[in-house]
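A short write-up of the structure that comes next.
Any value given below was found using the heavy atoms of this structure, including those in side chains, with hydrogens, waters and symmetry copies removed. Each chain gets a letter, A, B and so on, in the order the sequences are listed, and its residues count up from 1.
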2 protein chains.
Amino acid sequence: MAAPQPSRLTSPSREPEAGGRDRYFSRLAQERPDIALCRATTVVTRTLDEELAGRQLTMAQHLVLKMLSDVGPCSQQELSEQLRIDRSVMVGCIDGLEDSGLVRRERHPRDRRAYAVTLTPEAGPVLEEAESGVPHLLDRAFVALTAAERRTLTRLMGKILDVH
Amino acid sequence: MAAPQPSRLTSPSREPEAGGRDRYFSRLAQERPDIALCRATTVVTRTLDEELAGRQLTMAQHLVLKMLSDVGPCSQQELSEQLRIDRSVMVGCIDGLEDSGLVRRERHPRDRRAYAVTLTPEAGPVLEEAESGVPHLLDRAFVALTAAERRTLTRLMGKILDVH
DNA sequence: GCAAGATTGTCTGTGCACAGATTATTTACG
DNA sequence: CGTAAATAATCTGTGCACAGACAATCTTGC
């Protein structure tokens, strides 16, 4: 921790700020991986939101369709757990998909508490188009990283996620 | 994209789920670094919040005190930009610190639109205590990573942050 | 069989991040 | 000088994530 500097406020002159006041964030991100992670995720999330703005599906809805396509009909609970989306958020997510006619809430035959969320035939093309946009999405979000660095990132995130 | 499976719902039996329905997230995190990043950050943020729950300062307030201590009095604008905290959030953040008597809103001598947020003598010990907790905080948040992996993470996040 | 607890989907309220409008002040320009 | 544009702090409203409560239904222990 550096000694507090004398009460010098931002100078309106063009001198290069010996205290590093204008590049302070870089230094902070160097010594605080937690802050760096949070701020970088904000940047990535913003990029994702921009990219998805014009499209038909939100990211959550895209993931729901993908999981249903991969493993078959699921309860909202299963979708929530595996996609790490809160149950109460999943409600609105499925609402939207149902309104668009991409999924149906059928009753689970053996557990009438649960739905069996099921894909409709209309979902196929929509999901396929969304999937086709993923590579471009990742390229924009991770422009700064090489392919090898993206794999490293994936590995590190996997380790963090594994310990809950 | 795997072919849609037949309409088989979650079986109540104990058979090991050939479809991988119960480990679906692991597969998803492997192929979607963006999702992995967002979910891992949620995990880290939760850990941080738990750790900070009993303490006097929020993470944002801690960072404000640290920056003021490092570079001297700043306007809220400078704090917002460098700490990547929204201006409108910074207001409440400084409010809290002022109520606790740790900073004062003095007027900037050459720009009466801006404040000169200034540390009080009481801030020293509080900041020092907060700083002393950081290593333990990081250890909890990144239990899953070795020291080398944490440095790698810091480097990758830095690259993402550099391109804005 | 039945009472107690767990689970599913839903709803509500809180807190945070973000965009936009507002006011006071400063800077730029004709 | 004096008007227009830019900036600092603030306030308001929106959208999202999360915790907790709730009713309906299932499961478990006795």
message: On the nucleotide D/dA8, are OP1 or OP2 found under 4.0 Å from the side-chain N or O atoms that B/Gln76 carries?
response: no

- prompt: Is the shortest heavy-atom distance from the side chain of B/Tyr115 to the side chain of B/Ile94 under 4.5 Å?
  reply: no

field: Whichever of A/Ile94 and B/Arg113 has its nearest DNA chain C nucleotide further upstream toward 5'
entry: A/Ile94

- request: Take the protein atom OH of B/Tyr115 and the nucleotide atom P of C/dT26, then report the distance between them rounded to whole Å.
  value: 14 Å

- prompt: Rounded to whole angstrom units, what separation is found between the CD atom of A/Gln77 and the P atom of D/dC26?
  reply: 15 Å

- prompt: Tell me: CZ of A/Arg110 to C1' of D/dT27, nearest whole Å?
  reply: 15 Å

Shortest side-chain distance from A/Arg87, nucleotide among C/dT10, D/dC18, C/dA17: C/dT10

Distance, rounded to the nearest Å, where B/Glu106 contributes CD and D/dA9 contributes P: 14 Å

- prompt: Rounded to whole angstroms, how far apart are CG on A/Leu48 and C1' on D/dC16?
  reply: 15 Å

- prompt: Is any side-chain nitrogen or oxygen of A/Arg105 closer than 4.0 Å to OP1 or OP2 of C/dT10?
  reply: yes

Sugar-phosphate only, base, or nothing, as touched by A/Arg84 at under 4.0 Å among non-hydrogen atoms: nothing

field: Nearest-Å distance for atom pair CE/P, residues A/Met90 and D/dA19
entry: 15 Å

- prompt: Should A/Asp70 and B/Leu28 count as side-chain neighbours, where that means a heavy-atom distance under 4.5 Å?
  reply: no

- prompt: Counting side-chain heavy atoms from C-beta on, which of C/dG9, D/dC11, D/dT25 comes nearest to A/Asp111?
  reply: D/dT25

task: Could you check whether B/Arg112 gets within reach of a base, just the sugar-phosphate, or nothing at all, counting any heavy atom under 4.0 Å?
output: sugar-phosphate

Distance test, side-chain N/O of B/Arg46 to OP1/OP2 of D/dA19, below 4.0 Å: yes

- prompt: Out of A/Ile160, A/Thr152, A/Leu156, which residue meets the side chain to side chain contact (heavy atoms under 4.5 Å, CB included) rule with B/Glu149?
  reply: A/Leu156

query: For the pair made of CG in A/Leu63 and P in D/dA17, what is the distance, rounded to whole Å?
result: 12 Å

task: Looking only at non-hydrogen atoms, find the nearest pair between B/Leu161 and A/Ala29 and report the distance.
output: CD1-CB, 4.3 Å

query: Heavy atoms under 4.0 Å, any strand shown: does B/Ser88 hit a base, just sugar-phosphate, or nothing?
result: base

query: If you find the nucleotide of DNA chain C closest to A/Glu81 and the one closest to A/Asp86, which residue's nucleotide is nearer the 5' end?
result: A/Glu81

- prompt: Just how far, in rounded Å, is P of C/dC16 from CG of B/Asp95?
  reply: 13 Å

- prompt: Going by heavy atoms in the side chains, are B/Leu52 and B/Gln61 under 4.5 Å from each other?
  reply: no

